[in-house]
Amino acid sequence: MDTLDYVECQRVLYRFVRALDEGKFDEVAATMADDGVWHRQGEVLKGRAAVVAALNKRGPAVLTRHMVTNIVIESTGPDSALSRCTTLVYRSEASTAPPVKMDLPRSVADYEDRFVRRNGRWEIFERRSSRIFAKE
């Protein structure tokens, strides 16, 4: 995997979490392949429409921030890659405007993302996570 491909996959990860934290769920889905799969909170979300529908169920007061670190991306073929990273998640459901009183992180999770390159564009084909530490 050359440096440009590595950086492009990394950008997709950052766009995913930035859009998620900003409540831009169409943009979250746009980082995924049309036939992509996200294993999320016990559900299997298949396709962009399923991702948007699941995220739209979040309450309007939900505020999150995902800190992504320890990213390792490896080529698995000319148009495929595997990424592993760790994400620290803060979440509040307070209805107050930021800054919200800070609590412990909600979780620390390891993520594994499988990427595909289609039409010259890297996309998430499959996303899985496992919580390593959890507040509740």
Side-chain angles (χ1 to χ4, degrees):
M1 168 173 268
D2 68 20
T3 302
L4 182 58
D5 289 332
Y6 188 99
V7 170
E8 287 302 317
C9 288
Q10 193 175 39
R11 282 183 190 168
V12 171
L13 288 174
Y14 289 144
R15 279 196 304 265
F16 182 100
V17 295
R18 173 61 69 179
L20 181 60
D21 288 341
E22 292 177 351
K24 298 176 180 175
F25 304 142
D26 288 332
E27 290 181 27
V28 172
T31 65
M32 300 191 67
D34 286 335
D35 55 347
V37 176
W38 183 8
H39 303 268
R40 178 181 180 264
Q41 299 175 358
E43 285 186 80
V44 179
L45 308 176
K46 296 181 181 179
R48 292 176 180 162
V51 168
V52 172
L55 293 175
N56 278 331
K57 293 177 184 175
R58 292 175 102 181
V62 172
L63 177 66
T64 61
R65 287 299 180 266
H66 293 74
M67 279 31 105
V68 180
T69 187
N70 300 347
I71 299 171
V72 176
I73 304 169
E74 299 169 352
S75 175
T76 56
D79 294 311
S80 62
L82 174 67
S83 167
R84 293 184 320 266
C85 67
T86 300
T87 302
L88 174 68
V89 181
Y90 287 88
R91 179 182 170 120
S92 172
E93 296 185 33
S95 57
T96 60
V100 175
K101 184 180 176 190
M102 192 165 150
D103 199 0
L104 291 172
R106 180 179 179 133
S107 69
V108 176
D110 286 339
Y111 280 78
E112 182 175 283
D113 293 283
R114 295 189 179 279
F115 287 88
V116 293
R117 178 171 40 198
R118 295 182 178 153
N119 300 315
R121 180 176 175 255
W122 286 101
E123 301 171 315
I124 298 170
F125 179 73
E126 184 175 25
R127 175 159 249 245
R128 293 179 179 271
S129 64
S130 58
R131 293 173 93 182
I132 306 302
F133 299 100
K135 181 179 173 186
E136 63 265 341

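Note that the structure is predicted; figures quoted are calculated from it, not measured. Basis for what follows: all heavy atoms, side chains included, without hydrogens, waters or symmetry-related copies.
Taking the side chain to side chain donor-acceptor pair (under 3.5 Å) definition, one finds that Ser75 meets it with nothing, sequence neighbours left out. Under the side chain to side chain contact (heavy atoms under 4.5 Å, CB included) criterion, Val100 pairs with Leu63, Ser92, Ala94, Thr96, not counting sequence neighbours. When the side chain to side chain donor-acceptor pair (under 3.5 Å) test is applied to Lys46, no partner is found at least two apart in sequence or on another chain. Scored by the salt bridge (Lys or Arg N to Asp or Glu O under 4.0 Å) test, Glu8 finds Arg11 as partners (sequence neighbours excluded). Residues satisfying the side chain to side chain contact (heavy atoms under 4.5 Å, CB included) test with Asp79, not counting sequence neighbours, are Arg117. Remark: Leu104 engages no residue in a side chain to side chain contact (heavy atoms under 4.5 Å, CB included) (not counting sequence neighbours). Residues forming a side chain to side chain donor-acceptor pair (under 3.5 Å) with Glu93 (at least two apart in sequence, or on another chain): Arg91. With sequence neighbours excluded, the residues that form a side chain to side chain contact (heavy atoms under 4.5 Å, CB included) with Ala54 are Arg40, Leu45. Taking Arg48 as the reference, Asp34, Glu123 meet the side chain to side chain donor-acceptor pair (under 3.5 Å) condition, with sequence neighbours excluded.
Residues Ile124 and Ile73 fall within the same hydrophobic cluster, defined by Ile, Leu, Val, Met, Phe, Trp and Tyr side chains chained together at heavy-atom separations under 4.5 Å. Residues Ile132 and Met67 fall within the same hydrophobic cluster, defined by Ile, Leu, Val, Met, Phe, Trp and Tyr side chains chained together at heavy-atom separations under 4.5 Å.
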* Asked: Which is it for His39 and Glu126 under the side-chain contact (heavy atoms from CB on, under 4.5 Å) test, yes or no, and what are the steps along the way?
  -> CA-CA 8 Å; His39 303 268; Glu126 184 175 25; 2.8 Å; yes
* Apply side-chain contact (heavy atoms from CB on, under 4.5 Å) to the pair Arg131 and Arg106, showing each step before the final yes or no. => CA-CA 10 Å; Arg131 293 173 93 182; Arg106 180 179 179 133; 3.9 Å; yes
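Within the structure, no pair that satisfies the ring pair (Phe, Tyr, Trp, His ring centres under 6.0 Å) test touches residues 95-134, not counting sequence neighbours. The stretch residues 66-75 participates, sequence neighbours left out, in these salt bridge (Lys or Arg N to Asp or Glu O under 4.0 Å) pairs: Glu74-Arg84.
In terms of heavy-atom proximity, Leu55 sits nearest to Phe25 at O-CE1, 3.3 Å. Taking both residues in full, the closest heavy atoms of Cys85 and Val68 are given as SG-CG1, 3.8 Å, listed atom of the first, atom of the second, then distance. Closest non-hydrogen pair, Pro105 versus Lys135, comes out as O-CB, 3.7 Å.
Atoms CG and OG1, on Leu82 and Thr76 in that order, are 6.5 Å from each other to the nearest 0.5 Å. The structure places CG of Asp26 at 11.5 Å from OG1 of Thr31, a figure rounded to the nearest 0.5 Å. With rounding to the nearest 0.5 Å, the separation of SG in Cys9 from CD1 in Ile71 is 10.5 Å.
Between the Asp2 side chain and the Leu4 main chain, a donor and an acceptor come within less than 3.5 Å of each other.
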What pairs of donor and acceptor atoms, side-chain ones from residues 12-23 against any protein atom, are under 3.5 angstrom apart with sequence neighbours left out?
from  : atom 1 : to    : atom 2 : distance (Å)
Asp21 : OD1    : Thr64 : OG1    : 2.8
Asp21 : OD1    : His66 : ND1    : 2.6
Asp21 : OD2    : His66 : N      : 2.8
Glu22 : OE1    : Lys24 : NZ     : 3.1

